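These numbers come from a predicted model, not from an experiment. Proteins get letters first, then strands, A, B, ... in listed order; numbering begins at 1 in each.
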There are 2 protein chains.
Amino acid sequence: MTRIQREKQDIILEAALEVFSAHGFRGSTIDQIAEVAGMSKPNLLYYFPKKEEIHRRLMSELLVTWLAPLQEMRADGDPFVEIRSYIRRKLEMARDFPRQSRLFANEMLRGAPHIIDMIEVDLKALVDEKAQVLLTWMDEGKIARTDPYHLIFSIWATTQHYADFDVQVRAVLGKGRGGEGRFEDAARYLEQLFLHGLTPKPKG
Amino acid sequence: MTRIQREKQDIILEAALEVFSAHGFRGSTIDQIAEVAGMSKPNLLYYFPKKEEIHRRLMSELLVTWLAPLQEMRADGDPFVEIRSYIRRKLEMARDFPRQSRLFANEMLRGAPHIIDMIEVDLKALVDEKAQVLLTWMDEGKIARTDPYHLIFSIWATTQHYADFDVQVRAVLGKGRGGEGRFEDAARYLEQLFLHGLTPKPKG
DNA sequence: GTCTATATATTGATAGAC
DNA sequence: GTCTATCAATATATAGAC
């Protein structure tokens with residue numbers, strides 16, 4: 001495959017991400033994607049003969065990106081530093097790659113038909129491994145004893161929320177508060193939530 | 001409108017909830033809904049002449065259900081009891097009404113085109129009111145000082161996650177752990193998260 | 001490789017018999 | 001109120017000229 005071909009494919013995939021993440025697979029048309037990509041529909045179909053093939057490519061690339069932040073959590077690091085860094089990385093992904101997050105959420109809502117195998121095998125294996133790391137930290141008394149799986153779920157949920165439910169977050173915060181400060185506020189809030197919860201500090 | 005008519009409409013709305021929540025608006029066909037409802041397509045269209053009208057009805061009913069749990073949080077109650085109850089109600093909704101949760105998530109992912117007005121007005125007003133309640137509790141030193149808006153967001157995110165990302169949760173927990181214990185585990189975990197975070201208890 | 005024109009399939013909605 | 005038959009619009013995909 002030539003360099004030109006690869007570039008064209010990348011333009012199409014970028015346009016498809018834009019459209020699929022906003023309207024879902026069925027809600028998106030090749031016409032829309034072609035327009036965003038700046039080419040005609042038959043031209044787009046010259047590079048990707050099937051609409052499904054575009055989606056498939058996006059999904060397989062997505063999963064690699066998706067597993068990366070958790071993989072970086074190191075067993076030999078300081079527990080609080082590692083967890084805080086993980087939360088930060090996930091929140092940065094929600095801020096910088098909201099379309100990927102929404103594409104993933106769309107797939108989940110439909111029962112993950114295209115990636116259920118990778119979820120059940122690769123993702124499960126990774127989470128099992130990191131849950132074991134968390135359990136070790138608990139055994140060592142470095143973090144509170146709790147359910148490591150649900151801990152990971154809650155980090156996913158709280159961070160991805162800022163991408164997937166972005167409209168709602170902005171509407172609720174209103175014009176002033178929604179204006180770009182929300183990710184910094186979220187970072188501060190989530191750090192406190194996961195590290196201390198709502199228990200008030202004794203006055204000092 | 002007769003009783004029969006109302007019943008038929010309810011059957012259609014129930015079927016539409018099933019289909020829309022799983023495939024999204026554009027991904028659902030009237031044929032599918034009609035089949036689930038156990039009637040022919042023209043017959044269904046006799047009661048709802050437009051596909052959009054079915055969706056509109058579901059959305060307006062949904063929003064009422066959706067605001068209820070937060071409305072019940074009372075300023076004159078004990079803060080920890082009120083917050084814990086709220087989390088519990090939201091988690092029960094994720095468990096008992098996952099389709100409504102997914103319908104809502106679908107709408108959010110698309111930028112809430114049909115309900116943005118209610119989000120910006122009614123939901124915002126309700127959250128503003130409850131954020132004020134939380135702020136008062138913080139001023140009184142009853143709960144830790146934190147961002148009340150992001151606190152509410154994180155309760156939404158963590159509880160709805162068990163409905164919206166159900167496939168993933170079950171796949172990661174595996175056959176044994178995914179088997180029905182997950183909501184009880186989540187309830188225990190979330191209670192600890194919000195009340196104490198990960199700070200380990202001093203040994204004693 | 002890119003275009004115009006078009007084939008084919010799906011689907012929302014209607015017509016008209018019963 | 002419910003059905004069969006069908007229309008009209010949309011959307012995926014292909015044919016064939018350039």
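With sequence neighbours excluded, the residues forming a salt bridge (Lys or Arg N to Asp or Glu O under 4.0 Å) with B:Glu61 are B:Arg57, listed by chain and number. Here B:Arg99 pairs with B:Glu14, B:Glu18 under the salt bridge (Lys or Arg N to Asp or Glu O under 4.0 Å) rule; sequence neighbours left out. Applying the side chain to side chain donor-acceptor pair (under 3.5 Å) rule to A:Arg26 yields no partners; only residues at least two apart in sequence or on another chain are considered. Annotation: side chain to side chain donor-acceptor pair (under 3.5 Å) contacts of A:Lys124 (sequence neighbours excluded): A:Asp128. With sequence neighbours excluded, the residues forming a salt bridge (Lys or Arg N to Asp or Glu O under 4.0 Å) with B:Asp31 are B:Lys41, listed by chain and number. Residues passing the side chain to side chain donor-acceptor pair (under 3.5 Å) test with A:Thr159, sequence neighbours excluded: none. In this structure, A:Gln132 has no side chain to side chain donor-acceptor pair (under 3.5 Å) partners at least two apart in sequence or on a different chain.
For residues 107-121 of chain B, the pairs satisfying side-chain hydrogen bond (donor to acceptor under 3.5 Å, both in side chains) are A:Asn106-B:Arg110, B:Glu107-B:His114, with sequence neighbours left out. Residue pairs meeting the ring-ring contact (aromatic ring centres under 6.0 Å, His included) criterion with at least one member in residues 63-89 of chain B, sequence neighbours excluded: B:Trp66-B:Phe104.
First and last contacts of DNA chain D with chain A, using any nucleotide atom under 4.0 Å from a protein heavy atom and ordered 5' to 3', fall at D:dA11 to D:dT14.
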At under 4.0 Å between heavy atoms, which parts of nucleotides 10-15 of chain C does protein reach? Answer with one letter per nucleotide, 5' to 3': B base, S sugar-phosphate only, - none. -SBBB-
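Ring centroid separation for the pair A:Tyr162 and B:His150 comes in under the 6.0 Å cut-off.
Within residues 2-16 of chain B, the residues that have a heavy atom under 4.0 Å from DNA chain D are, in order of number, B:Gln5, B:Lys8.
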